[in-house]
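Here is how names work: the chains are called A, B, and so on, in the same order as the sequence lines, proteins then strands, and each is numbered from 1.
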2 protein chains.
Amino acid sequence: MDRDQTDKDDEASAHERPTLKTLAFMTGLGVTTVSRALKDAPEIGAETRRRVQLVARQIGYRPNRAGVRLRTGKTNVISLVLNTEREIMSFVSDIIYGVSEVIADTPYHLIVTPYSRSQDPLDPIRYLVETGSADGVIISRTQPNDPRARYMLERGIPFATHGRTDMGLIHPYHDFDNYAFAAEAVRHLAGIGRRRLALLTPPVGLTYHGHTVNGFADALSEVGASEVPFNTVSIDHSIEQIRMRTAQLMRRDDRPDGFVSSAAAATLAVVAGIEDAGLKLGRDVDVVSKQSSDLLHLFRRELLVVNENFRLAGSELARSVLGLIGGAAPGSLQSLSLPGEVVAYQG
Amino acid sequence: MDRDQTDKDDEASAHERPTLKTLAFMTGLGVTTVSRALKDAPEIGAETRRRVQLVARQIGYRPNRAGVRLRTGKTNVISLVLNTEREIMSFVSDIIYGVSEVIADTPYHLIVTPYSRSQDPLDPIRYLVETGSADGVIISRTQPNDPRARYMLERGIPFATHGRTDMGLIHPYHDFDNYAFAAEAVRHLAGIGRRRLALLTPPVGLTYHGHTVNGFADALSEVGASEVPFNTVSIDHSIEQIRMRTAQLMRRDDRPDGFVSSAAAATLAVVAGIEDAGLKLGRDVDVVSKQSSDLLHLFRRELLVVNENFRLAGSELARSVLGLIGGAAPGSLQSLSLPGEVVAYQG
DNA sequence: TCAATACACTGAAACGTTACAGATTGTCAC
DNA sequence: GTGACAATCTGTAACGTTTCAGTGTATTGA
């Protein structure tokens with residue numbers, strides 16, 4: 001009959017949020033038992049377990065995140081680390097939704113951790129790790145020798161990268177096969193008679209820059225076409241810069257008759273540059289571009305596109321991180337997404 | 001000399017994360033004193049305060065979020081609630097960055113709380129409130145009579161809305177003046193001789209639908225132009241649907257000679273529809289469109305654009321929520337962003 | 001000299017959870 | 001009847017923080 005002691009907060013007052021104590025009081029059990037019953041521990045009787053879970057469901061019990069986090073260190077948080085200046089727009093939106101889809105029926109929350117141009121990309125990672133703010137991290141703009149991946153690997157922080165590294169270390173990743181993309185693009189252009197091709201590359205330094213460049217180069221020699229160097233800009237540059245450089249290039253005698261572009265927004269600039277030079281898409285030059293949403297064909301129907309699904313990337317990355325947290329082998333959490341066909345406009 | 005008791009974890013072991021206890025041990029003070037010294041409580045001596053803060057800075061002390069949250073209920077989290085299907089892409093990206101900018105040097109984290117088409121928009125809000133997962137909430141797709149705003153207002157949860165409500169209740173918001181946008185668009189079109197105008201509206205049911213429609217209507221009578229109804233689609237519809245409906249409209253005898261469009265992506269579809277009907281932009285019809293990044297002029301230089309800055313919206317919304325949490329009056333946290341001029345392409 | 005008072009600091013308790021080390025049964029073999 | 005053992009359940013402590021109710025000292029006023 002020691003009830004009078006603890007009743008103070010459980011019995012009275014309209015509707016506080018229920019805790020284990022509330023459940024313990026309602027079921028007549030101890031908090032420990034309740035805690036265990038809720039997580040299906042083996043030393044709890046079958047009927048007790050059911051009873052506790054029933055009551056918990058009825059009154060809408062939700063474990064207090066701060067309590068769990070303080071006691072166990074588990075945050076139930078996945079952090080998506082993004083560059084606030086250079087990230088592709090549709091990428092941000094789609095990857096967030098992709099991640100959300102996967103964590104929707106888990107206890108995980110998604111926090112967005114931004115960093116800006118001026119900062120060391122390692123800064124936000126250090127912050128997350130030092131403050132223990134997340135159980136898992138997703139990073140993009142991955143480099144062949146990526147200090148962030150190395151850092152987290154050293155400290156055993158679960159993470160997944162969008163894009164591969166090349167450090168001889170195994171970690172989860174999701175990547176789009178940009179080698180295949182660039183190669184397919186070149187083959188397609190060669191197939192329609194283009195022989196002098198230029199490549200608007202991904203940002204120099206990122207892993208997929210190398211992949212793209214290699215796919216482009218290998219396919220060039222395969223089909224016997226030649227490259228017109230276009231190294232003054234990458235898709236990271238401003239629309240204006242890309243446009244200006246493209247126009248410059250297209251006014252030369254040795255101008256390309258085909259382009260491969262690694263991003264949709266950059267392609268808009270390339271086309272503008274082409275037209276600035278008085279040339280016509282589809283007649284004087286063809287352009288194959290990646291895109292993540294179906295907009296380029298509205299822009300110019302002569303464009304040739306290859307689709308990259310960022311929402312899928314988000315889902316895969318989230319699945320990987322959760323898998324890793326769950327104890328799966330990092331090597332089993334790597335995925336590569338193959339590009340579809342180069343597709344022309346179909347009215 | 002009771003040191004030996006507590007030394008166990010503080011003195012030994014390489015580098016655990018420092019806590020108040022660590023600081024207390026290092027300074028020779030009690031945890032209470034340290035806690036207070038760090039938050040500039042008045043009952044702490046000036047020198048002690050400085051000493052504690054110095055040591056804290058030196059060893060990189062960071063308050064444990066779970067500890068604070070458990071004890072005080074303060075989460076230091078702002079939640080951005082987004083619809084995973086209908087939200088405009090650039091909106092998601094820009095608003096996140098806008099919010100990030102503002103909370104960058106505060107202890108706040110940004111969590112993204114998604115909800116999908118099938119769900120009641122109130123669901124995620126209920127979840128946040130019931131689980132006490134955030135100190136402040138930002139919502140978009142605001143309705144004149146918004147159940148989410150009402151719900152949070154009733155419970156005293158700090159929030160800000162992107163877009164206004166119309167319930168006679170005061171709460172923080174940031175809005176773009178869509179009345180002014182639509183009116184300006186109409187005036188501009190009238191100024192270049194367009195007399196029969198169609199409006200591609202925001203989603204029906206959202207507050208800014210009404211604003212836009214009213215601005216459009218009022219300016220029409222002001223300039224003596226007439227409306228060609230175009231109510232079968234809104235910017236929420238698919239690209240294909242908008243395109244098809246636009247083409248349909250433009251093949252009629254009483255087709256409009258001017259369009260006002262409330263979103264850039266939808267404008268691409270409108271233009272495609274116009275061209276499907278064999279008409280030419282700038283000659284047969286002019287289109288004024290909102291955009292949030294400078295892409296439409298690359299698309300068709302004949303387009304007339306008005307810029308809406310979502311990053312600014314994000315910043316303003318974050319500022320409002322933080323202000324409200326800080327105790328400012330809700331009425332002082334409302335802002336309206338005026339549209340700039342209608343701008344034509346300048347090569 | 002004494003009380004009152006301001007000042008600077010402190011220990012214990014509490015937030016909700018889980019891990020640890022029992023405690024209380026009942027069953028069974030012998 | 002006893003000891004061993006499994007099956008269930010329980011209280012206490014701890015995670016890191018802030019709040020409450022003090023505890024000592026100086027300082028002041030009379």
Side-chain angles (χ1 to χ4, degrees), chain A residues 2-3 5-6 8-10 13 16-52 56 59-76 107 130-133, chain B residues 2-3 5-6 8-10 13 16-53 56 59-76 107 130-133 135:
Chain A
D2 57 37
R3 286 182 180 176
Q5 279 298 340
T6 56
K8 187 192 60 188
D9 46 346
D10 287 336
S13 85
E16 299 291 298
R17 183 153 164 230
T19 70
L20 288 182
K21 204 162 133 202
T22 320
L23 285 179
F25 177 70
M26 293 180 74
T27 55
L29 298 164
V31 281
T32 304
T33 310
V34 173
S35 171
R36 285 179 156 151
L38 288 176
K39 43 177 59 66
D40 289 314
E43 60 260 83
I44 301 296
E47 196 203 311
T48 305
R49 199 208 316 284
R50 275 202 311 276
R51 200 156 61 87
V52 170
I59 66 173
Y61 168 77
R62 311 262 200 166
N64 179 307
R65 313 190 115 232
V68 175
R69 181 164 169 177
L70 181 56
R71 178 63 235 240
T72 65
K74 177 135 221 263
T75 62
N76 283 310
E130 282 169 11
T131 61
S133 288
Chain B
D2 57 37
R3 286 183 178 176
Q5 278 298 340
T6 55
K8 188 192 61 189
D9 46 344
D10 286 336
S13 85
E16 300 291 298
R17 185 156 161 226
T19 70
L20 288 182
K21 205 163 132 201
T22 320
L23 285 179
F25 176 71
M26 293 180 74
T27 56
L29 298 163
V31 281
T32 304
T33 311
V34 173
S35 171
R36 285 178 158 153
L38 288 176
K39 43 177 57 67
D40 290 315
E43 61 260 84
I44 302 295
E47 196 203 309
T48 304
R49 198 206 318 282
R50 275 202 311 276
R51 199 156 61 86
V52 170
Q53 292 182 351
I59 66 173
Y61 167 77
R62 312 262 202 166
N64 179 307
R65 311 190 116 233
V68 175
R69 181 164 171 178
L70 181 57
R71 179 62 234 241
T72 64
K74 176 134 221 258
T75 61
N76 284 310
E130 282 170 11
T131 60
S133 288
D135 296 337

Q | Short side-chain N/O contact from B/Thr48 to OP1 or OP2 of C/dC9, under 4.0 Å | A | yes
Q.
Checking B/Gln53 now: which residues fulfil side-chain hydrogen bond (donor to acceptor under 3.5 Å, both in side chains) with it, not counting sequence neighbours?
A. B/Asp40
(Q) B/Thr48: which residues meet the side-chain hydrogen bond (donor to acceptor under 3.5 Å, both in side chains) condition with it, sequence neighbours left out? (A) none
(Q) Need to verify one output field. Residue with the more 5' nearest nucleotide on DNA chain C, B/Leu70 or B/Ile44? (A) B/Ile44
**Q.** A/Arg65 CZ to D/dC15 C1', straight-line distance once rounded to whole Å
**A.** 17 Å
(Q) Could you tell me how far apart B/Lys21 (NZ) and C/dG11 (P) are, to the nearest whole angstrom? (A) 13 Å
**Q.** Nearest-Å distance for atom pair CD/C1', residues A/Glu16 and C/dG16
**A.** 14 Å
Q: For the helix from C/dT1-D/dA30 to C/dC30-D/dG1, figure out the bend between the end axes, five pairs an end, and round to 10 degrees.
A: 60°
(Q) Taking any heavy-atom pair under 4.0 Å as a contact, classify B/Gly30: base, sugar-phosphate, or nothing. (A) sugar-phosphate
Atom pairs under 3.5 Å: protein N/O with N/O of nucleotides 19-24 of chain D:
| from | atom 1 | to | atom 2 | distance (Å) |
| --- | --- | --- | --- | --- |
| D/dT19 | O4' | B/Arg71 | NH2 | 3.3 |
| D/dT19 | O4 | B/Thr32 | OG1 | 3.2 |

Q) Atom CG of A/Asn64 to atom C1' of C/dA14: distance rounded to whole Å? A) 13 Å
Q. Which whole-number value in Å describes the distance from B/Leu20 CG to C/dG11 C1'?
A. 15 Å
Q | Residues that A/Arg65 engages under salt bridge (charged side-chain N to carboxylate O under 4.0 Å, His left out), provided they are two or more places apart | A | none
Q.
Looking at B/Arg17 and B/Arg62, would you say the former's side chain and the latter's main chain have a donor-acceptor pair under 3.5 Å?
A. yes
Q: Look at all strands and tell whether A/Gly28 reaches a base, only sugar-phosphate, or nothing, counting heavy atoms closer than 4.0 Å.
A: sugar-phosphate
Q: Please state how far atom CG in A/Leu23 lies from atom C1' in C/dT18, giving the value in whole angstrom units.
A: 15 Å
Q) Quick one: side-chain contact (heavy atoms from CB on, under 4.5 Å) partners of A/Ser35, sequence neighbours excluded? A) A/Leu20, A/Lys39
Q) Partners of A/Glu43 by salt bridge (charged side-chain N to carboxylate O under 4.0 Å, His left out), sequence neighbours excluded? A) A/Arg36
Q | Distance, nearest 0.5 Å, that separates CG of B/Asn64 from CG of A/Leu70 | A | 6.0 Å
Q) Do B/Leu38 and B/Arg49 come close enough that some side-chain heavy atom pair is under 4.5 Å? A) no
Q: Round to a whole Å and report the spacing from CG of B/Asp40 to P of D/dT18.
A: 13 Å
Q.
Quick test of your reading: applying side chain to side chain donor-acceptor pair (under 3.5 Å), list the pairs with at least one residue in residues 66-76 of chain A, sequence neighbours left out, ordered by first then second residue.
A. A/Lys74-A/Asn76, A/Lys74-A/Tyr108, A/Thr75-A/Asp135
Q | Closest listed nucleotide, where the reference is the side chain of B/Thr33 and the choices are D/dG16, C/dT17, C/dC9 | A | C/dC9
Q.
Can you measure A/Arg62 atom CZ to C/dC15 atom C1' for me and round it to whole angstrom units?
A. 20 Å
